[in-house]
Each structure stands twice: as C-alpha cells, then as structure tokens.
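Accompanying notes for the structure given below.
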Amino acid sequence: DFFYRCFPDGQMNPELHCSGDPDVVMEGRKNLYIDKISLHSTEKHGNIIFAVHWPWCGIPDVLSMNVVEPYEPVQHHWFYNQQVDSKDSWQPFSREDSRRLEDAYSRVGKCEKDEVVVATDGRRYDVRLRERKCYSVYWEQKPAEVKRCAWFHKGSKDMSYTPYSEELSDILEDAYMIAVTLDEWKQNLELPTGETVILHNPKLMMQYPSSCKDFPPSPTERTQPRTLKRGIENIPVEIPEGECKPEIVDHLVFMVHGIGPACDIRLRGIVQCVNEFRIASNSLIKSHFRQSENLCIIGRVEYLPVNWHKVLHGESTGVDKDIERITLPSISRLRQFSNDTVLDLFFYNSAMYCQTMVDTVASEINRLHSLFLQRHPHFTGHVSLVGHSLGSLILFDLLTNQETDADGKPHEVCSSLHEDAHVDTGCSSYESLEEVLKGHGLEEYLSVLHSEQVDMESLMLCSEKDLKDVGIPLGPRKKIMNCVKKWKVITEIPYSPLFKGAQWFMAEVERFTPTTSAVDYQHFDVGIGQVSIDYPQLAFHPQALFAMGSPIGMFLTVRGLKRIDPNYSFPTCKSFYNIFHPFDPVAYRIEPMILPQDVDLLPMLIPHHKGRKRMHLELKEGLTRVSSDLLGSLRMVWQNFEYSFSDLNICGAVPPMEQKERNFTKVGMLNRGRRIDFVLQETPIESFNEYLFAIQSHLCYWGSEDTALLVLREIYGNIPVRNALS
C-alpha cells in the first residue's frame with residue numbers, strides 16, 4: 001500500500017524519487033510505524049540488511065531490519081467444490097490442470113472483461129475463469145465453484161482443510177509477508193468476517209471466533225479455534241495425477257449402465273463409477289504399459305458414461321407417475337426401490353418403452369461421439385462399447401441390428417428368407433382369402449365375408465366378436481382366428497440373424513403353432529423373439545463389446561433361442577467379451593449356446609492385475625490336486641490288487657473330455673474364434689460365503705482392476721504388457 005502511495009503508476013525510478021501526492025504519502029507513514037521499526041530492529045539486532053533513501057518522503061534514510069528467513073510468495077493451487085452428502089467438499093485439480101489455470105490467470109489478470117475458458121480433467125470439463133465455475137462437457141451436472149487457493153483452515157471436528165476465499169487469502173498473505181519480513185509475530189489480525197487470526201509463528205497460526213472482536217482473546221475464551229495452513233504442501237491432501245497429455249487419446253469407450261439410477265454398492269451414479277474405472281485404467285497404463293507410454297507409443301483411453309435411466313423415468317415418458325398411481329402405500333421404500341430398478345427389465349420387454357431405451361442409448365452415444373470428435377479433432381483411434389447388466393443386453397440387441405452398408409445385409413437375408421419360404425405378403429385380394437378358407441375347409445363362409453366386403457387385410461384386423469356378429473358359428477370362428485394368428489406370425493415376426501436360413505423360419509412357425517387350444521393372444525403380434533422395434537444406427541463401427549455381469553444368455557434363452565450359429569458375428573463389431581464374477585446372480589454364460597452340447601468348456605480365468613492367481617485359489621488348487629493324486633493312487637492300488645493280471649495303465653491315461661477341452665480352441669465367430677466367457681477371481685473374503693457377497697459381486701466391475709486390464713489388453717492388442725511384479 002505504501003509503495004503505491006509513493007509510486008501510483010507502479011514503476012519505481014532508479015533515483016527512488018516518489019511521484020505520489022506528498023499528503024497521501026505522509027498519511028501512509030502513520031501506518032508504517034517507521035520510528036518503532038527502526039529503533040526496534042536496531043536495538044534488537046544491531047545490523048543493517050538494506051538501506052532505502054526516500055528523498056521526497058521525509059522518511060529516515062535507513063530502515064534497519066532483520067529477516068529471519070526470506071519471504072517467498074505462496075504457490076497457489078486451484079480447487080473445485082464437490083457436493084458430497086449435501087456438504088461442500090473442496091477437491092484439488094491435478095497439478096497439470098492447476099498449472100494451466102494459473103498460467104491463464106497470470107495472462108489475463110483480474111481485470112479481463114472477456115471470459116477465458118480452460119479445459120481440464122482430460123478435456124471433460126471447462127473452467128470459466130472470470131465466472132469461477134467449472135462446467136461438465138459431456139453430461140448434465142451442476143456447475144461447480146472454482147477457487148484459486150493459498151490459505152486453508154480446519155476445525156477440531158473437521159475431516160479436511162477448507163480453502164479461504166481469494167479475498168481473505170490475499171489479506172492473510174499480506175499479514176504473513178509483513179510478519180516474516182519484520183519478524184513480528186503474535187499480532188492480532190481482524191478479518192472482515194469478524195474472526196481474529198493470530199500468527200504465532202510460520203508453523204502455528206490460529207483463527208478464533210468473532211467473540212474476540214473487541215479484546216484479545218483470553219485463554220478461557222479461546223474455544224474451538226481453527227488451525228490455519230499456508231500452501232497446499234502443508235495440508236494432507238491427495239492431488240490427483242490427471243492426464244499429462246489429455247489431447248492424445250488412443251481409444252474411446254462408451255459405458256452403458258444397467259437397471260436403476262445407482263450403479264454400485266455405494267449407490268453412486270454412472271458418472272462417478274465411470275470416473276473410478278478411468279482412474280483404474282490410467283493407473284494400469286502407467287504400471288503395465290510403462291515402457292510404451294514413456295516411448296510415446298500409447299497415450300490414454302477415454303471412457304464416457306451413457307445414461308438412459310434418466311430419460312426413461314423423466315417427464316417425457318410420464319411412466320413414474322403412472323406407476324406411482326397404482327403402487328400400494330405399504331413398504332414404500334421397498335416398492336420405490338423396485339419401481340426404480342427391477343421394473344426396468346419389464347420396460348425393456350415392452351415395445352413402447354424398449355424403443356425409448358434403445359433410441360436414448362443410440363442417440364446419446366452418437367451425441368457423445370460427435371462432441372468428442374469436436375474437442376479432439378485429431379483423434380484417429382477406434383471406439384468400443386461396455387455394457388453392465390441390462391445395458392449390455394441393450395447394446396447386444398443394438399449391434400445385432402446394425403447395417404454394414406446402404407442396402408443392409410440383414411435386410412437382404414430377411415427378404416431372401418421370406419422368398420424361400422414362399423410367403424405371399426400381398427394379401428389384399430379376395431383370391432388369397434378364398435385360398436386360405438378352402439385350405440381349411442371353410443369355403444362355405446366365403447360368401448358371408450364377401451357380403452361384408454372383408455378381404456384378407458381386413459380379416460387380419462377382425463376380432464372374434466366381429467366374426468360372431470356376422471353370424472359365423474363358434475367352431476369355424478375359432479378356426480378362422482387360428483389361421484389369422486398364424487398369418488400374422490409369418491408376416492410380422494422379426495428376423496434374427498442368430499438363426500440360419502429356413503431352419504429359423506420353420507422353427508418360428510412351429511413354435512407359434514398351438515399344441516393345446518387356440519388361445520387368442522391378439523395383443524402379442526410381435527412374437528416371443530427380439531422386441532420388434534426400429535433399431536437406430538450408430539455413427540461408427542465398434543471394435544469390441546464388453547458385457548459385464550450380463551444376462552444376455554438368459555434373455556436369448558427366454559426368447560426361444562436355444563443355440564447361436566457358430567458362424568454368426570455382429571454386422572459391424574468384430575469382438576465380444578462376456579465378463580462376469582463367479583458369484584454374480586445376474587450373469588449368464590454365452591459359450592454353451594455356441595458350442596456342441598457334448599463340449600463342457602470352463603470359462604477363461606481372468607489373470608490378476610499383479611500377474612498371478614490369488615493365493616487362496618492357488619492353495620485350493622493345490623489341495624484339490626493333492627487329494628486327486630491320493631485318490632488316484634489308492635484307486636490304482638486297489639485295481640492292481642483286484643485285476644493283478646490286467647495290463648490297464650490308469651496312471652498315464654487322460655480323460656477324453658479333458659483332452660478334448662485342451663485341443664478345443666475356436667468358439668464361434670462372435671469374438672473372431674477366440675474365447676468369449678471370462679470369469680474374475682473372487683477375493684479371499686468373498687470365498688468364505690458366496691451368498692453374502694452375491695449382490696456386491698454384481699456391482700464390483702466398476703472398480704475392478706482385473707476387468708480394466710482385460711479391456712486394455714483388447715484395446716492395445718499386440719503391445720507388450722509389463723508384469724506389475726517384475
């Protein structure tokens with residue numbers, strides 16, 4: 001303050017001639033206590049550190065001071081406010097992001113009128129410096145407050161330090177600078193908020209309540225003081241590593257959640273769970289791909305969340321209000337949980353809401369993909385999809401109905417299938433109606449239908465009551481309705497490329513042939529196969545689909561699909577991985593639906609990310625092997641005793657099934673002939689009781705480093721993986 005009184009323009013001339021107003025300068029002298037400082041410093045220390053001459057100011061020529069330690073400006077770090085359980089939690093930006101923000105702040109200063117935007121956190125957020133707000137780019141999120149922090153405080157009951165506002169930090173920093181420069185401590189500093197701060201020494205600084213405003217606080221009055229810390233290096237806070245090269249993205253992965261708004265056992269949303277998966281992936285890249293990363297062969301993998309639950313349960317569908325009207329008032333929390341989660345499975349089997357869910361997933365993926373390319377214009381990598389629980393089924397159905405070109409191969413197969421089956425879809429003439437009735441011995445009722453101007457098309461719209469009104473008896477009426485139902489199945493059943501040719505067509509027709517009585521399911525015209533909706537197209541061809549804790553196998557079986565054609569593959573996706581925990585109650589296998597029934601192939605065990613099996617699994621295998629060898633030896637001794645004249649060599653024999661499993665390598669074309677089912681290793685505590693950890697095992701994938709490493713190995717292909725133990 002005194003410097004700017006002497007030099008209003010902020011420039012000190014070599015002659016040290018003050019250019020300020022003399023009256024203003026003299027007024028500033030009163031706050032400097034020049035005589036006291038000079039006498040105190042000279043008497044106490046008796047040495048001169050520097051001398052300054054102020055010719056125009058009337059100040060003594062010599063300022064005697066002793067600096068115990070030189071003052072160094074504080075290093076600022078940028079923080080953002082994150083709401084945790086409705087409470088403010090200030091989290092630091094990564095060092096790289098904080099450096100970018102500080103550089104931008106230094107360039108524009110405080111007087112910049114135009115807004116300056118700095119991309120942070122892998123370009124997933126934008127910080128507006130002038131507004132001091134952080135906005136998410138890819139998903140909806142409330143803007144977070146941002147601070148440039150240097151001073152922090154913490155109460156006795158607080159778990160972490162809280163940064164001061166930028167204005168209070170400047171006040172505290174000025175007071176600290178004076179205390180260090182003049183070596184004057186234990187001075188009371190009153191803050192604009194009413195609290196009193198006492199700087200005892202550089203390591204001990206306290207803030208006392210506003211009750212100490214008029215008088216220095218006595219020992220009895222100093223209740224609940226707050227501890228002050230200067231600089232981020234003096235507080236216990238973990239600074240995230242962040243992405244050092246956010247612009248270098250090798251691969252883009254979209255992650256789709258399952259039922260309900262919560263994705264893990266801690267009831268976190270899809271954004272938080274994907275963030276945890278991304279952190280695990282970045283850590284594995286540094287540990288397992290360190291050499292490739294150091295040589296700049298690889299960069300990083302970007303993971304973006306896809307949220308469909310919010311749209312399904314939003315105002316546009318109104319389904320929550322409809323369900324709420326019919327929900328019973330008892331056990332309200334359990335019913336609310338069921339309405340938010342379990343009902344999503346039933347919604348997906350509804351043609352109306354299934355269309356909403358599929359459209360939301362596809363449109364959100366395409367939107368995120370387009371936005372990502374705008375922010376990363378030099379991206380040339382591939383894109384993969386990850387689905388958890390019901391999300392994996394949505395992606396599976398979506399990829400099954402993708403087109404490879406403008407004509408669309410699935411449509412060509414479907415049309416040729418109908419031609420091979422000789423199905424006449426043009427059924428609007430009287431002749432086709434006459435042929436149908438004659439084929440079932442009902443030609444005598446043709447005149448009745450002609451008198452009502454009923455052709456084949458209108459007959460398919462008639463109900464049993466309509467036929468009764470025109471005078472057709474019960475028996476013929478049932479036969480006609482049964483014929484109409486068969487015709488609807490043939491013309492409207494959706495094609496599934498998981499079947500082969502006419503075998504699929506005949507199987508579907510036979511499946512809809514009634515075996516007991518002709519029950520009229522007039523509201524279920526789409527059959528029991530895949531839901532008949534319009535599947536949208538993705539803007540790219542995915543490299544791989546990773547299904548985590550997926551019920552795909554169960555849904556395909558319920559739809560009536562007993563076996564997947566080994567030659568079938570997704571039209572636009574090359575690879576498919578089915579990842580599951582051994583105790584996951586929702587997960588089902590895929591390989592048994594592809595392999596012959598006499599082949600019993602165990603799922604592939606996913607290696608531990610530290611490069612070996614878990615200890616309890618190795619111990620279990622060792623005990624099993626020892627007991628098997630012991631039983632085999634006893635059996636061999638007994639058989640040698642019973643058949644002493646036999647030449648049977650039991651010890652060297654290999655069971656045929658085991659030998660077949662060893663020689664078997666190709667598992668269909670869904671994953672280009674490679675294995676599809678991959679099982680995680682349970683933790684030691686989970687092995688004690690599989691029922692106790694069943695629900696947790698279905699939600700463990702988001703934080704699973706083993707799962708993240710499997711995804712990275714598929715993405716980076718032939719790049720060597722470095723063992724974490726080596």
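Side chains included, hydrogens not; waters and symmetry mates left out as well; all remaining heavy atoms used.
- In this structure, a donor-acceptor pair under 3.5 Å is present between the side chains of R335 and S330.
- Side chains of W308 and H257 form a contact here, defined as non-hydrogen atoms less than 4.5 Å apart.
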Decide yes or no on side chain to side chain contact (heavy atoms under 4.5 Å, CB included) for L371 and H369, but give the supporting numbers first. CA-CA 5 Å; L371 186 57; H369 182 257; over 6 Å; no

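- Open room surrounds CD1 on I695; 12 or fewer heavy atoms of other groups in view lie less than 6.0 Å from it.
- The closest side-chain donor-acceptor pair between D88 and Q83 falls under 3.5 angstrom.
- With R375 contributing its side chain and F372 its backbone, the two residues share no donor-acceptor pair below 3.5 Å.
- Within a 6.0 Å sphere centred on CD of Q75, heavy atoms belonging to other residues, nucleotides or ligands number 12 at most.
- For the residue pair E302 and G122, the shortest heavy atom distance occurs at OE2-O, 3.6 Å.
- Around atom CD of E315, no more than 12 heavy atoms belonging to other residues, nucleotides or ligands sit under 6.0 Å away.
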Test side chain to side chain contact (heavy atoms under 4.5 Å, CB included) on T162 and W90 and set out the steps. CA-CA 7 Å; T162 302; W90 288 92; 4.0 Å; yes

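- Although no hydrogens or angles enter the test, the distance criterion places a donor-acceptor pair under 3.5 Å between the side chain of D250 and the main chain of G299.
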Starting from the C-alpha separation in whole Å, work towards a yes-or-no answer on salt bridge (Lys or Arg N to Asp or Glu O under 4.0 Å) for E276 and R278. CA-CA 5 Å; E276 182 177 3; R278 185 189 303 110; over 6 Å; no

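- D97 and S94 form a side-chain donor-acceptor contact under 3.5 Å, judged by distance and modelled atom types alone.
- For the pair M206 and L228, the tightest heavy-atom approach, listed with the atom from each and the gap, is C-CD1, 3.8 Å.
- For Y164 (side chain) and L172 (main-chain N/O), no donor-acceptor pair under 3.5 Å exists by modelled atom type.
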For E96 and R99, what are the C-alpha separation, side-chain angles and deciding distance, and is it a salt bridge (Lys or Arg N to Asp or Glu O under 4.0 Å)? CA-CA 5 Å; E96 185 67 21; R99 184 189 62 79; 2.5 Å; yes

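- No more than 12 heavy atoms of other residues, nucleotides or ligands shown are found within 6.0 angstrom of CZ on R95.
- Annotation: side chain of I285 is in contact with side chain of L712 (closest heavy-atom distance under 4.5 Å).
- Comment: R100 does not engage E102 in a salt bridge, judged by the lack of any side-chain N to carboxylate O separation of less than 4.0 angstrom.
- Annotation for S316 and V311: closest pair OG-O, 3.8 Å, computed over non-hydrogen atoms.
- Side-chain contact annotation: D340 with H309, donor-acceptor N/O pair under 3.5 Å absent.
- Looking only at distances, no side-chain donor or acceptor of T181 sits under 3.5 Å from a matching main-chain atom of I178.
- Side-chain N or O atoms of H153 include none that pairs as donor or acceptor with a backbone N or O of K229 at under 3.5 Å.
- No donor-acceptor distance shorter than 3.5 angstrom exists from the side chain of S704 to the backbone of C700, with no hydrogens or angles considered.
- Closest of all the heavy-atom pairs between A104 and L129 is CB-CD1, 3.5 Å.
- Using modelled atom types, one finds a donor on one side chain and an acceptor on the other under 3.5 Å when comparing S384 with H251.
- Under the side chain to side chain contact (heavy atoms under 4.5 Å, CB included) criterion, D158 pairs with K154, R226, sequence neighbours left out.
- One distance of note links CG of L699 with OG of S389; it measures 8.5 Å at 0.5 Å rounding.
- Among all heavy-atom pairs drawn from N81 and S89, the shortest one is OD1-N, 3.3 Å.
- Atom NZ of K147 sits about 13.0 Å away from atom NE2 of H76, to the nearest 0.5 Å.
- The backbone N or O of R130 sits less than 3.5 Å from a side-chain atom of E115, completing a donor-acceptor pair.
- The side-chain heavy atoms of W78 and C149, taken from C-beta on, include no pair separated by under 4.5 Å.
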Side chain to side chain contact (heavy atoms under 4.5 Å, CB included), that's the test. Do N339 and F337 meet it? Break it down for me. CA-CA 5 Å; N339 292 344; F337 174 79; over 6 Å; no

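- Seen from the ring of Y138, R124 does not count as a face-on cation partner, given the 6.0 Å and 45° thresholds.
- Taking all atoms of both residues into account, the shortest heavy-atom contact from A150 to S169 is N-OG, 4.2 Å.
- Scored by the side chain to side chain contact (heavy atoms under 4.5 Å, CB included) test, E72 finds no partners at all (sequence neighbours excluded).
- One distance of note links CG of L709 with OG of S287; it measures 8.0 Å at 0.5 Å rounding.
- Under the 3.5 Å distance criterion, with hydrogens and angles disregarded, a donor-acceptor pair is assigned to the side chains of Y125 and Q141.
- Counting only distance, with no hydrogens or angles, the side chain of S338 and the backbone of L334 share no donor-acceptor pair below 3.5 Å.
- Counting only heavy atoms from C-beta outward, the side chains of I198 and Q187 never approach each other to under 4.5 Å.
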Side chain to side chain contact (heavy atoms under 4.5 Å, CB included) between D121 and F93, intermediate numbers included: CA-CA 8 Å; D121 198 13; F93 284 96; 6.0 Å; no

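- The shortest side-chain heavy-atom distance between L168 and W151 does not fall under the 4.5 Å cut-off.
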List the steps and the verdict of salt bridge (Lys or Arg N to Asp or Glu O under 4.0 Å) for D103 and R107. CA-CA 6 Å; D103 291 345; R107 289 195 305 269; 5.3 Å; no

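- Residues V301 and V253 meet the side-chain proximity criterion, which asks for heavy atoms closer than 4.5 Å.
- Checking D183 against W185 by side-chain atom types alone, a donor-acceptor pair falls below 3.5 Å.
- Between H376 and R123 the shortest side-chain heavy-atom distance falls below 4.5 Å.
- Within the 3.5 Å criterion, the main-chain N or O of S363 finds no donor-acceptor partner in the side chain of R367.
- A centroid separation of less than 6.0 Å is found between the aromatic rings of F79 and F152.
- Formation of a donor-acceptor pair under 3.5 Å by the W702 side chain with backbone atoms of C263 is found in this model.
- Going from atom CD1 of I265 over to atom NE2 of H698 covers 10.5 Å, rounded to the nearest 0.5 Å.
- Counting heavy atoms from C-beta outward, H388 and M255 have side chains that stay 4.5 Å or more apart.
- In this structure, CG on L368 lies 8.5 Å from CG on L252, to the nearest 0.5 angstrom.
- Using a 3.5 Å distance cut-off with no hydrogens or angles, the side chains of T707 and E705 do not pair a donor with an acceptor.
- Atom CD of Q291 is separated from atom CD1 of I298 by 10.5 Å, given to the nearest 0.5 angstrom.
- Ring-plane geometry between H200 and Y208 is classed as perpendicular, the angle between the planes exceeding 60 degrees on a 0 to 90 degree scale with a lower cut at 30.
- A salt bridge does not link K133 with D126: none of the charged nitrogens is closer than 4.0 Å to a carboxylate oxygen.
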